[in-house]
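Following: one structure in structure tokens, then a few remarks.
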Amino acid sequence: MKIAIIGGGSLGLLFSYYLGIKNEVSIYTRTKEQAEQINKNGVHLIKGGIAQPPLKVSAAAIQEWQGKEEFTVVAVKQYQLPGLMDELKMNARNSILFLQNGYGHIKLLSEITAPDIYVGSVEHGAVRANEYTVQHNGIGVTRTAVYRGEAHLLRELPMNVPDDFPVHLESDYKEMLIKKLVVNAVINPLTAILKVRNGELIDNPFYFEIFKQLFEECALVLGLEHKEDYLQNLMTVCAKTANNHSSMYKDIENGRQTEIDAILGYLLELSISKNIKAPLIHNYYHCIKGKEQEREGA
Ligand code: PAF
């Protein structure tokens with residue numbers, strides 16, 4: 001299958017490598033320099049600390065993407081998606097999969113005319129080491145679901161990826177994305193502000209109090225039915241990733257922009273529109289924005 005990957009961050013490189021093993025992949029990056037580096041070196045993967053053989057994929061700047069591939073994976077951060085909308089509206093004519101965190105991007109998808117639009121939720125731990133190298137530290141799964149159209153390509157995808165990069169098809173895109181949103185809304189800001197690994201949030205009884213209350217607020221704002229299932233999932237992810245630093249922790253530590261707007265920003269807006277008081281969501285949102293501001297001031 002011919003596949004386009006848009007975005008040269010950790011997920012873009014990770015998907016280029018694994019999808020490139022059995023398919024013809026073209027990666028489209030924000031800068032021409034990165035595309036040149038990938039064309040010269042291939043994509044390199046370091047899996048569990050061990051360098052894998054580099055993989056040749058063709059790379060070009062995003063402006064060159066014309067939507068001709070059968071399948072396009074959009075692997076940019078949610079805050080970068082609005083800047084890509086003109087290209088997506090003009091060129092998306094085949095199946096397209098969006099891998100953004102949060103839920104705020106869903107309202108943008110209705111503006112795209114592609115017949116099959118899919119969304120995904122990635123549970124891998126990956127870090128970009130340089131412009132063409134990605135470290136795959138936590139092996140997880142990619143969950144996918146149909147937002148609009150037919151699931152045919154999502155059904156084919158598991159056959160087109162290696163066994164150690166599983167792709168699951170879920171039936172309800174909202175439930176899938178909201179589950180991940182709840183995980184990110186509780187774990188990411190708390191670990192970034194308290195400066196702890198994920199597991200501390202459930203091991204330290206004092207942090208666990210905040211963890212439970214923040215979860216309760218998210219559940220209330222989202223109007224979750226069966227909230228015990230969401231809490232169970234949150235606790236399981238926290239326990240499974242106990243030794244990890246969350247992506248928001250790392251973004252703050254490294255002075256990078258975080259995904260807070262897509263995560264707590266989305267929930268804060270929702271609480272305001274529903275007239276629900278959400279003091280923890282409000283406060284942690286502003287704590288993280290304050291940390292981002294410190295970086296900008298520096
Ligand atoms: O954003 C992250 O870091 C991850 O999604 C998760 C699951 C919170 C684990 O660290």
Side-chain angles (χ1 to χ4, degrees), residues 7 9-15 48 75-81 98-105 119-129 134-145 165-168 170 175-204 207-208 210-212 214-215 218-219 222 229-267 280-281 284-285 287-289 291-292:
S10 57
L11 283 191
L13 292 175
L14 190 74
F15 273 72
V76 301
K77 300 268 188 195
Q78 200 213 20
Y79 52 79
Q80 295 168 326
L81 199 55
F98 289 87
L99 294 179
Q100 288 62 43
N101 271 331
Y103 204 79
H105 58 299
V119 287
S121 152
V122 180
E123 297 178 6
H124 291 278
V127 180
R128 192 177 96 159
V134 60
Q135 291 171 344
H136 192 187
N137 301 329
I139 314 245
V141 300
T142 302
R143 299 186 190 282
T144 60
F165 196 70
V167 180
H168 294 180
E170 304 286 331
E175 192 184 310
M176 177 188 84
L177 290 183
I178 296 289
K179 260 199 179 146
K180 179 89 189 292
L181 174 66
V182 169
V183 165
N184 290 136
V186 177
I187 298 180
N188 293 19
L190 290 184
T191 50
I193 295 301
L194 298 171
K195 295 191 193 295
V196 292
R197 288 178 196 268
N198 296 355
E200 271 294 291
L201 297 179
I202 45 180
D203 289 344
N204 181 319
Y207 295 158
F208 190 51
I210 315 175
F211 177 97
K212 283 186 293 187
L214 182 53
F215 168 76
C218 295
L222 288 162
D229 297 350
Y230 289 81
L231 180 60
Q232 192 53 57
N233 180 57
L234 169 62
M235 304 261 301
T236 307
V237 174
C238 212
K240 269 195 185 163
T241 61
N243 284 324
N244 293 9
H245 285 300
S246 76
S247 54
M248 197 169 284
Y249 173 106
K250 285 188 282 207
D251 285 341
I252 293 290
E253 285 294 298
N254 294 310
R256 293 189 297 250
Q257 182 171 0
T258 73
E259 294 189 282
I260 196 68
D261 282 309
I263 301 170
L264 287 190
Y266 170 76
L267 290 173
L280 289 178
I281 292 175
Y284 279 103
Y285 172 78
C287 282
I288 299 289
K289 292 301 276 185
K291 288 281 172 207
E292 287 185 342

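Note that the structure is predicted; figures quoted are calculated from it, not measured. Just so you know, ligand 1 is whichever comes first in the structure, and atom 1 is the first atom listed for that ligand.
Thr191 places none of its side-chain heavy atoms less than 4.5 Å from the side chain of His245. Two residues are said to be in side-chain contact when any heavy atoms from C-beta on lie closer than 4.5 Å; Asn184 and Glu259 fail this criterion. For the pair Leu264 and Asn188, the minimum side-chain heavy-atom distance is 4.5 Å or more. For the pair Asn137/Asn244, no side-chain contact is recorded, criterion being any heavy-atom separation below 4.5 Å from C-beta on.
Residues Ile281 and Leu214 share a closest heavy-atom pair of CG1-CD1, 4.0 Å.
Residue, atom and distance of the protein heavy atom nearest to atom 8 (C) of ligand 1 are Asn188 OD1, 3.1 Å. The protein heavy atom nearest to atom 1 (O) of ligand 1 is Ser247 OG, 2.6 Å.
Atom NZ of Lys240 has 12 or fewer heavy atoms from other residues, nucleotides or ligands within 6.0 Å.
Around atom 10 (O) of ligand 1, the closest heavy atom drawn from Val186, Thr241, Asn198 belongs to Asn198. Nearest to atom 6 (C) of ligand 1 by heavy-atom distance, out of Asp251, Asn184, Val122, is Asn184.
Note on ring orientation: taking the six-membered ring where Trp is involved, the planes of Phe165 and His124 are parallel (angle under 30°, cut-offs 30° and 60°).
Neither the backbone nor the side chain of Thr191 has a heavy atom within less than 4.0 Å of ligand 1. Under 4.0 angstrom from ligand 1, there are no non-hydrogen atoms of Asn101.
For ligand 1, the atoms lying closer than 4.0 Å to a non-hydrogen atom of Lys180 are 5 (O). Listed by number with element, the atoms of ligand 1 under 4.0 Å from a non-hydrogen atom of Val237 are 7 (C). Residue Ser246 has at least one heavy-atom neighbour below 4.0 Å for each of these atoms of ligand 1: 3 (O), 10 (O).
Contact analysis leaves Asn244 out of contact with ligand 1, as no non-hydrogen atom separation drops below 4.0 angstrom.
Note that CD1 of Ile202 is 4.0 Å distant from SG of Cys238, once rounded to the nearest 0.5 Å.
For ligand 1, none of its N or O atoms has an N or O atom of His245 under 3.5 Å away.
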